[in-house]
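Below is one structure, written out as structure tokens, with a few remarks after it.
We count ligands from 1, going down the list as the structure has it; atoms in each ligand are counted the same way.
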Amino acid sequence: MSLKDIDKSNIPRHVAVIMDGNGRWAKKRGLRRENGHREGRKSVRKIVECCAELGVKNLTLYAFSTENWNRPKLEVDFLMQLLFLSLRDELKTLNKNNIRFETIGNLSRMPKKIGNYLEKVKEETKDNSKLTLTLALSYGSRSEIVNVVRELSDKVKNNIISSKNIDETVINDHLYTRNLPDVDLLIRTSGEKRISNFLLWQIAYSELYFTKKLWPDFRKKDLYKAIISYQSRERRFGKTSEQIK
Ligand code: FPP
């Protein structure tokens with residue numbers, strides 16, 4: 001399976017990835033978990049580049065969950081530093097390749113220096129249009145939904161909106177992902193078959209793709225495979241096969 005097997009007229013508009021297995025990759029080699037994360041960063045670079053080449057318009061990566069704050073402090077600090085260095089090193093490349101940078105999640109929990117830098121990268125790439133790269137940072141889908149309920153309750157209480165008018169579009173417009181289309185293809189690496197509190201609302205009709213590859217081993221040809229699998233599926237959105245044709 002290679003690039004020539006991909007139908008260029010049916011590229012997913014939004015690909016989301018649960019990048020899992022950095023720790024196991026390192027352990028298998030007798031290395032510290034941090035080495036797995038460092039290697040995982042190289043996969044991020046490759047996959048962003050590949051999405052831009054294929055014409056995927058939106059790529060969302062689960063980089064740090066709300067639950068990840070519970071990891072040992074040393075690992076959390078390492079991940080934050082790695083994120084900071086990656087952003088600093090890649091800002092120019094993002095602009096050169098016309099890539100817009102965005103985040104979803106509760107940034108108020110991030111260290112100040114990193115929060116500020118994230119805002120700077122977002123601001124400096126906001127006019128780019130080839131690909132939107134969104135990092136989920138301090139992100140949890142249930143807490144995202146709780147926030148939506150809170151915001152909407154306040155709006156109902158203050159007569160800004162009537163409860164009768166709350167529909168799927170209104171909810172969508174209050175999620176962190178309000179500017180993104182629904183996820184077409186969700187990929188999880190490392191053999192786990194779980195969603196782990198990622199984009200629960202947004203994946204209602206996504207195609208799910210699970211691979212045993214650990215994230216640091218995930219390369220362009222693995223993304224090609226995932227997209228080819230996506231293209232082989234019939235997306236019916238609840239309709240019958242005949243209605244689709
Ligand atoms: C999951 O592997 C990975 C993470 C929690 C962090 C993701 C971070 C990166 C890919 C590094 C660089 C990213 C950016 C955006 C610069 P795990 O640690 O849960 O692995 P395990 O399940 O094998 O322990």
Return yes or no for this condition: an N or O of Trp25 is under 3.5 Å from an N or O of ligand 1.
no
For atom 21 (P) of ligand 1, which of the options Gly40, Ser65, Gly23 provides the nearest non-hydrogen atom?
Gly23
Ion pair present between Glu102 and Lys126, side-chain N to carboxylate O less than 4.0 angstrom?
no
Atom indices of ligand 1, in the order listed, that fall short of 4.0 Å to a heavy atom of Trp215
10 (C)
Quick one: closest heavy-atom pair of Leu199 and Tyr139, and the distance?
N-OH, 3.3 Å
Can you report which non-hydrogen protein atom sits closest to atom 14 (C) of ligand 1, along with the distance?
Val44 CG2, 4.3 Å
Answer yes or no: is there an ion pair linking Asp173 with Arg178, defined by an N-O contact shorter than 4.0 Å?
no
Got the closest protein heavy atom to atom 16 (C) of ligand 1, with its distance?
Ser86 OG, 3.3 Å
Might you point out which heavy atoms bring Asp217 and Arg29 nearest each other, and give the distance in Å?
OD1-NH2, 4.1 Å
Considering only protein heavy atoms, which is closest to atom 1 (C) of ligand 1, and at what distance to one decimal place?
Met19 O, 3.1 Å
Are any of the N/O atoms on Tyr62, whether in the backbone or the side chain, positioned under 3.5 angstrom from an N/O atom of ligand 1?
no
Closest non-hydrogen protein atom to atom 9 (C) of ligand 1, residue and atom name please, with distance?
Asn22 ND2, 3.6 Å
Would you name the heavy atoms of Thr177 and Glu144 that are closest together and state the gap between them?
N-OE2, 3.8 Å
In the protein, what heavy atom is nearest to atom 5 (C) of ligand 1, and what distance, to one decimal place, separates them?
Asn68 OD1, 3.7 Å
List every atom of ligand 1 that sits less than 4.0 Å from any heavy atom of Leu82, numbering the atoms from 1 in the order shown and giving each element.
11 (C), 12 (C)
Among non-hydrogen protein atoms, atom 7 (C) of ligand 1 lies closest to Ala63 O, 3.5 Å
Heavy-atom nearest neighbour of atom 19 (O) of ligand 1 within options Arg33, Arg71, His37:
Arg71
Using distance only, find each side-chain donor-acceptor pair of residues 72-84 under 3.5 Å and give its atom names and separation, not counting sequence neighbours.
unit_1	atom_1	unit_2	atom_2	d
Lys73	NZ	Asp77	OD2	2.6
Glu75	OE1	Arg33	NE	2.8
Glu75	OE2	Arg33	NE	3.2
Glu75	OE2	Arg33	NH2	3.2
Glu75	OE2	His37	NE2	2.8
Glu75	OE2	Arg71	NH1	2.8

With a 4.5 Å limit on heavy-atom distance, are the side chains of Asp184 and Val15 in contact?
no
Give the atom numbers and elements of ligand 1 that come within less than 4.0 Å of a heavy atom of Arg24.
21 (P), 22 (O), 23 (O)
N-O pairing of Glu49 and Lys46 below 4.0 Å:
no
Tell me whether Asp89 is salt-bridged to Arg45, with the criterion being a basic N under 4.0 Å from an acidic carboxylate O.
no
